[in-house]
Visitor: 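Let me begin by handing over the structure; questions about it come next.
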Amino acid sequence: MAHKLAFIGFGGVGQGLVDILLDRSDWLRDKFGTEFQVVSITDLYKGSIHHNDGLDIQQARKLVKETGSLNDYPESEGLVKGWDSLTTIQNTNADTIIEITYTDVFTGQPAIKHCEEAFKNKKNVVVTNKGPVALALDELEELAKQNGVRFLYEGTVMSGTPALRMPLTSLIGNHITSIRGILNGTTNYMFMRMEEGLSYEEALKEAQEKGYAEADPTSDVEGFDVLYKVIILAKVVMGESLTKDEVNRTGMASVTERDLNEAAEEGKKWKMIGRLEKTEQGLTASVAPEKVDEEDPLAGISGATNAVTYECDLSGPVTLIGAGAGIPETGFALLIDLLNLDRDNQ
Ligand code: HSE
């Protein structure tokens, strides 16, 4: 039987997943016995289409690429146009809702509401949206459990690089005492370009053009994006709940051109670091630019690449390096969750 999907939001990440599904559908079916069928797509700006028997995603993808809208999707018997997000979640026959609207760093809405509505309607939810996971994970997991469905969120930290599943599976049995990493591609790219002589504004413009930055780049440069990822890592990997106010946050603008030059003379690098440390007093968490030594594994991570080091009491430190943003990479993060959902249900 097909695994039916509904997309809530259809920006780059959703289109990235659709491209993977179009490219690999035969292989996914042969290898995993899974047939994914998209029944609903709804987007605040691009419009909304639904069909119980499945949409022609090639056509939808082409239309969005060429016209930026789903409005010209051909009419047919059973096709419904114009449902908003909540109407889609309530009425779609999808098994799984893919929540990929933008992250509101202050309220987590409307994504949290979308997840709640999906669970009440007995649908799994897969997100790359950090808001619901950072702000409401316990409540949402409880609601999912009550309704016999699942909530998966691998792509919320380091896109398709398995920053959450790897420590939970491959590093299982260790006590992880600290997590430290470069968890934002935009700021890491900007520091690199500023070291090469660009101004802050020029570097930010480039990061936006390359698609690394959030819809509102304040979230990247002021450290909210990393703050959310730190909260998610604390909860998911260390089992510790943190509120936004418990994470000390400093934005990258505190680093001046002079600081960058000084670091270069000392053979050091400025990096935006997310940090979690278990101490006798409890868990401490911060997001701040730090001047790191040349021999630190994080010093060599340049451009939009991310890296995270897990300090493990049995295996020793393990550093995971990989993409932290990007369209195919984040689309792939959704695929990891979908395939795991199917595997767990088999
Ligand atoms: N804006 C984020 C980054 C994207 O630059 O890393 C992934 O959260």
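Because the structure is predicted, anything quoted here is derived from the model rather than measured. Counting starts at 1 for both ligands and their atoms, in listed order. Count residues from 1 along the sequence. The figures here come from the full heavy-atom set of this structure, side chains too, leaving out hydrogens, waters and symmetry mates.
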Visitor: For Asn248, check side chain to side chain donor-acceptor pair (under 3.5 Å) against everything at least two apart and list the hits.
Guide: none
Visitor: Tell me the residues surrounding ligand 1, counting only those with a heavy atom closer than 4.0 angstrom, sorted by chain and number.
Guide: Lys130, Asn184, Gly185, Thr186, Tyr212, Ala213, Glu214, Asp220, Asp225, Lys229, Gly324, Ala325
Visitor: Is the count of non-hydrogen atoms from other residues, nucleotides or ligands lying under 6.0 Å from Lys145 atom NZ greater than 12?
Guide: no
Visitor: Consider only side-chain heavy atoms of I, L, V, M, F, W and Y, link residues closer than 4.5 Å, and tell whether Leu233 and Ile273 are in one cluster.
Guide: no
Visitor: Indicate the ring-plane relationship of Phe119 and Phe151, choosing parallel, tilted or perpendicular according to the 30° and 60° boundaries.
Guide: perpendicular
Visitor: Who passes side chain to side chain donor-acceptor pair (under 3.5 Å) against Glu246, sequence neighbours left out?
Guide: Thr243
Visitor: Quick one: list whatever passes side chain to side chain donor-acceptor pair (under 3.5 Å) with Thr256, sequence neighbours left out.
Guide: Asp259
